[in-house]
**Q** 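The structure is given below, and queries will be raised subsequently.
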Amino acid sequence: MQTPLYRGAPWCVLFRRETCPRVPLFVLTLLTSPPALADLNGASRQAPAPSASHAVESAMEPPRPGELTPPSMLHYEEAPIPPNVALTAPESAVLSLTVGIDGKVNDVQVVKAKNPHLDEAAAKAAAKFVFTPAQRVKEDGTSEPVAVVIQFEYWFQPPAPEAAETTNVAAVVNQPTSAQTNATKSPPPAPKSAGPLETPDEEEVFEGVATVEAPAREPTKRRMEKTELVRVAGTRGDPLRAIEVMPGVGQSGGEPIIRGASGYESTVFLDGSPVPFLYHFGGLTSFVHPRLVDHVDLYPGNFSARYGRVTGGVIETGLRKPSDEFSGMIDLNLIDTSLLLETPLSDNWSIAVAGRRSNIDLVFENVVPDGAFDVVAAPVYFDYQGILQYAAPSGTEFRVAAFGSKDSLKFVFAEPSSENAELRGTLRGEVEFHRLQLLHKSRLGDVKQRVQLGVGLQTLTQEFGPNIKAYFDIYEFDTRAEWDLPLGEKLALVAGLDATGQYLTGAYRGPAASTQEGSLADESSDTVVVDEASITLLSPAAYVELRAAPLPGWLLVPGVRVDYYDQIREVSINPRFSQRYSLTSSTVIKQGIGLYSQPPIYHEAYAPIGNPDIEAYHSVHTSLGVEQQLLAGWSVDVEGFHKYLFNRIVNTPQGEDPHFINDGEGRIYGVEAGSTYQSDFGLSGQLAYTLSRSERRDRDENWRLFDQDQTHIFNLAATYELGAGWELGTRFRYVSGNPVTPIEGSVYDTARALYFPLYGAINSERDPAFNQLDVRVQKTFTIGSGYIAAYLDVQNVYNSANPSGYTYSYDYQTKEASPGSFFFPNLGIRGKL
Amino acid sequence: MKRTDLACAVTLLSVACGDPLVDPQTVIGLRVLGAQLTSSADPSVAHLSPGEAGTLRWLAVAERERNYRALTLLCEARPSSFGVPQCGPRFLEQQHEGSTTEDLAFDFVLPASFSKDQEWLSFVALCEEGSPRWNKHTQRFSCTSGDQPVTAYYQGTSTPNHNPDASDDTLRFNSKPWPAFANPSCETEGLPRLKRDAVATIRLDVKGKDSEPLNDPSYAAATNEALTYTHVATTAGLSRAFSALDPDAQQRHFELELDGDEAWSDAQEQRLGTFYLVVSDGRGGSDWLSRHYCLHK
């Protein structure tokens with residue numbers, strides 16, 4: 001991934017929970033967003049792959065009486081191409097499907113007879129589709145399942161599918177029948193709404209076109225759609241917080257912890273571009289307006305060769321297209337205020353702009369203790385996004401997106417800290433980035449092409465007292481070109497090039513850097529200075545991936561990725577392989593194995609504070625799992641995984657020159673299970689459980705636990721539509737406490753008038769388990785074509801303390817547990833034109 | 001995507017404004033407050049070159065007289081960036097028996113075999129019960145009694161430096177000069193007195209040129225030394241433990257408060273308290289002074 005240059009910046013060694021001081025609630029509540037503030041209490045579902053999305057649904061609208069929610073596909077059936085058909089161009093079969101209240105297809109009719117052989121094959125396959133039933137909103141606001149007739153256009157076409165293009169997931173090759181053709185299941189290049197169809201008696205009519213997403217190239221891809229993302233409570237609809245309800249994702253107040261990997265070992269993409277920052281103020285809320293997000297995909301491991309430069313997991317966030325009608329939305333709550341406007345500009349052009357600003361500074365001075373410090377600039381964050389979209393009927397798309405974010409604060413302390421004389425003077429922090437992204441998708445004959453370019457600027461300034469000061473200006477780009485080529489009936493090839501580059505200028509004075517994981521609080525005793533440095537980082541990569549379908553329902557995906565890391569002058573070659581096999585129409589077995597490499601963080605390879613001879617480190621991912629559709633609306637996914645990490649970058653024993661060496665290893669293993677349920681009476685929910693162990697070994701030391709090893713991660717989330725516009729959501733979490741390193745004494749540094757802790761074995765103790773209940777209530781008032789929704793999110797309803805580390809006295813002789821979460825109600829109102 | 005930068009700052013912010021678990025400005029039990037190195041050739045000099053002789057003096061205090069056994073080590077400093085510095089080969093090890101009313105000091109010669117840039121360390125460990133021991137493998141001290149020793153260290157370099165001089169600064173108690181008294185009691189004439197329901201103001205006016213120029217052209221380097229003052233008292237009620245005079249400070253003085261009501265934790269007619277002030281230049285230069293006061297009803 002594109003490595004944020006400031007990541008792991010040395011000053012952050014100052015921030016460790018083990019020595020977290022007594023923290024005023026106001027600060028944590030408003031700014032640092034501990035885990036409790038990242039809670040989710042709404043329902044969300046783990047989307048099995050393949051899954052369906054619906055072109056006609058809107059995440060924005062509250063339910064209105066009579067409104068229909070289309071059926072959502074749970075199981076897709078491959079249609080073999082009849083032996084007597086040789087496809088030379090895309091062809092489709094337009095079908096009429098009657099989906100019953102049990103989600104099964106009760107009837108299939110060919111609407112437009114084209115090629116009778118293809119029609120028949122498509123009809124046979126479609127009869128085995130399974131959907132969640134369509135839902136109709138009743139007068140009292142509750143929903144009921146209804147049978148509907150939908151039009152479904154089953155495409156057989158040589159090129160790669162549109163859905164794969166938009167979701168970065170390639171399509172599977174269908175049953176081969178001819179040496180000259182291969183067919184993929186995909187939506188049509190330019191889906192069109194179909195008119196109302198004749199429906200059976202007593203059944204409602206659903207109008208629309210269902211689009212079917214291709215199966216993932218990865219063994220496990222977990223998706224949350226926009227409809228789910230914005231209903232997740234506790235995050236105020238924050239889509240990047242919502243992933244925490246998925247199996248394999250740990251409890252974290254900041255960067256996501258995916259399958260026992262450190263946050264910096266995973267990456268987040270926004271429409272294909274890596275994002276430099278994810279959250280305001282380290283974890284309060286993500287920088288993307290939640291109502292612009294179309295979906296979030298999580299690849300917890302064994303991800304495609306398309307992704308590189310990380311050894312953990314990948315999160316891909318897709319922005320939606322601007323609406324084809326003018327609309328506006330405003331959301332006002334205690335934390336921030338946001339505005340979203342979108343409108344079509346012509347038949348092919350549309351635009352959306354959004355912005356958000358925090359409200360923290362409006363109340364900040366009223367909640368801080370008198371005389372604690374002089375507030376020069378209270379904490380403020382803002383972000384913006386703009387999307388200009390062109391979509392031609394031919395399928396060509398062009399998008400210009402601009403987004404950015406800024407966080408800032410400044411305080412001046414009247415006196416040194418009561419416990420640390422070095423904490424005095426000015427505290428100032430400013431982080432901002434701006435990014436422009438160009439995306440072009442087109443077809444070159446049978447080849448689908450996607451080209452994108454992102455350019456941006458990051459700036460960061462930090463000052464804390466007389467001994468810590470830094471600034472960075474980072475100019476960066478990322479680019480990717482990907483081609484999807486059909487190679488025959490059973491084969492398709494994805495080939496791509498991507499590159500990231502950064503030019504950094506900056507300077508730094510502060511504590512010496514330690515590793516991102518396994519380092520100890522207050523560890524750095526040296527001040528290091530980097531004078532006005534400039535660093536150029538360039539990392540080009542190439543990848544190819546083959547998709548083969550030797551048998552119906554069996555998908556093999558071998559691939560290889562080659563990365564070059566300019567800073568360390570090293571090439572990594574990552575072979576990867578995954579496969580999925582449909583045992584039955586409701587059972588899929590999946591498996592993956594692959595090598596994943598990650599370059600060092602820039603400062604780890606930058607002399608004199610790092611080791612210019614440091615190498616990339618690696619991880620071998622293996623996984624085996626099964627997806628099972630139990631009943632309509634109820635699915636289960638169970639997967640075991642193992643990761644072996646080697647060549648890990650660790651500090652030299654005392655941080656002495658060369659500071660960093662490749663002398664660590666790690667092992668992560670476990671099993672994760674997820675189940676989603678969607679009833680026909682307005683209740684939906686998700687259950688997720690992960691049992692895992694994540695360990696590291698540094699140099700020749702003993703195995704120890706990973707900083708955020710969480711043995712048990714249990715999530716239960718549910719949403720119930722009460723009717724009359726009322727919706728109730730809740731979520732319960734139980735997560736094993738994070739490991740902590742005990743402090744066994746201290747030594748006084750007479751020059752700095754500061755005590756240094758003497759640590760026991762690293763991560764040899766644990767915090768108590770985390771448990772928390774969140775509740776969300778929303779009432780929606782429909783006004784014409786718009787609505788107003790009032791909502792109340794209550795995090796940590798029973799005010800569980802959830803201790804997280806300890807607060808120590810100045811000499812580390814006295815300690816008390818630090819509260820990890822707080823009761824926090826957030827009241828908000830949202831309106832849409 | 002790690003965004004701990006501002007989180008760091010915000011948490012550090014909370015360090016500064018949170019209430020401490022234990023007031024560091026109140027001396028409870030045995031505690032080391034400072035160390036001062038003086039060159040035998042020039043007592044104002046706070047550095048030694050290889051082959052030079054010097055004296056290392058430790059300030060050990062307690063809320064009342066306490067006896068202890070001490071172990072001091074002098075050793076080569078191992079290269080280290082993290083945690084407590086590590087001791088390499090030792091070139092001096094001394095046992096002491098003393099009390100908090102006496103100086104804890106020893107003379108030594110920095111080995112001539114040291115290279116000019118080589119750093120050295122001195123550790124001290126104090127045990128009230130039993131004797132201190134050093135484990136070179138764990139790099140930790142222990143008391144033979146099983147108690148945890150009070151431990152401190154001083155890191156020496158050959159970088160030219162002078163000790164700040166606290167003796168020329170002016171300390172005032174409720175605006176009046178606050179002189180030192182030898183073996184005072186509450187009956188000592190001129191000793192500042194503080195009533196239980198009163199709050200005293202302690203003020204230090206800094207004189208002289210204790211803040212040496214640093215001549216460091218590197219990024220964000222200070223032009224001069226910052227002077228850090230650690231001030232503690234043997235009774236509660238002192239308003240804070242630290243003050244600082246940074247090079248850009250507009251004022252060359254600071255004030256503290258001593259709250260007699262907080263200090264009056266014992267049901268005594270009167271009580272003698274001791275105020276310690278240690279100034280450090282952050283580079284190993286240090287000096288200190290102490291004053292007494294009387295708390296009464």
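Naming convention: chains lettered A, B, ... in sequence-line order (proteins, then strands); numbering from 1 in each chain. Not measured: the values here are computed from a predicted model.
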**Q** Does CD in A/E532 sit with more than 12 non-hydrogen atoms of other residues, nucleotides or ligands closer than 6.0 Å?
**A** yes

**Q** At a 4.5 Å cut-off on heavy atoms, which part of A/V529 comes close to chain B: side chain, backbone, both, or neither?
**A** side chain

**Q** Heavy atoms under 4.5 Å from chain A: which residues of residues 275-290 of chain B carry them?
**A** B/S280, B/G282, B/G284

**Q** Testing the basics here: between A/E656 and B/S80, what is the closest heavy-atom pair and its distance to 0.1 Å?
**A** CB-N, 4.5 Å

**Q** Minimum heavy-atom separation for B/P79 and A/Q654, please, with both atom names.
**A** O-CB, 3.9 Å

**Q** Side chain, backbone, both or neither: which part of A/E463 has an atom under 4.5 Å from a heavy atom of chain B?
**A** neither

**Q** Shortest non-hydrogen contact from A/T750 to B/Y153?
**A** OG1-O, 2.9 Å

**Q** Look at B/P149, B/P217, B/P85, B/A221 and state which one has the largest set of heavy-atom pairs under 4.5 Å with chain A.
**A** B/A221

**Q** Which bit of B/A220 is near chain A, if near means a heavy-atom gap under 4.5 Å: side chain, backbone, both or neither?
**A** both

**Q** Could you state the interatomic distance from CD (A/E422) to OG1 (B/T228), rounded to the nearest 0.5 Å?
**A** 7.5 Å

**Q** Counting only non-hydrogen atoms closer than 4.5 Å, can you tell me which residues of residues 239-248 of chain B sit against chain A?
**A** B/R240, B/A241, B/F242, B/S243, B/A244, B/D246

**Q** Measure across A/T814 and B/L21 and return the closest heavy-atom pair with its distance rounded to 0.1 Å.
**A** O-CD1, 3.7 Å

**Q** With a 4.5 Å cut-off on side-chain heavy atoms, are A/V530 and B/Y219 touching?
**A** no

**Q** Against chain B, label A/S262 side chain, backbone, both or neither, depending on which of its atoms sit under 4.5 Å from a heavy atom there.
**A** neither

**Q** Which atom pair, heavy atoms only, marks the closest approach of B/S218 to A/R509?
**A** OG-NH2, 2.7 Å

**Q** Is it the backbone or the side chain of B/F123 that comes under 4.5 Å from a heavy atom of chain A, or both, or neither?
**A** side chain

**Q** Tell me, for B/R78 versus chain A, whether the close heavy atoms (under 4.5 Å) come from the side chain, the backbone, both or neither.
**A** neither

**Q** Of all heavy-atom pairs between A/Y759 and B/R140, which one has the smallest distance, and what is that distance?
**A** O-NH2, 2.5 Å

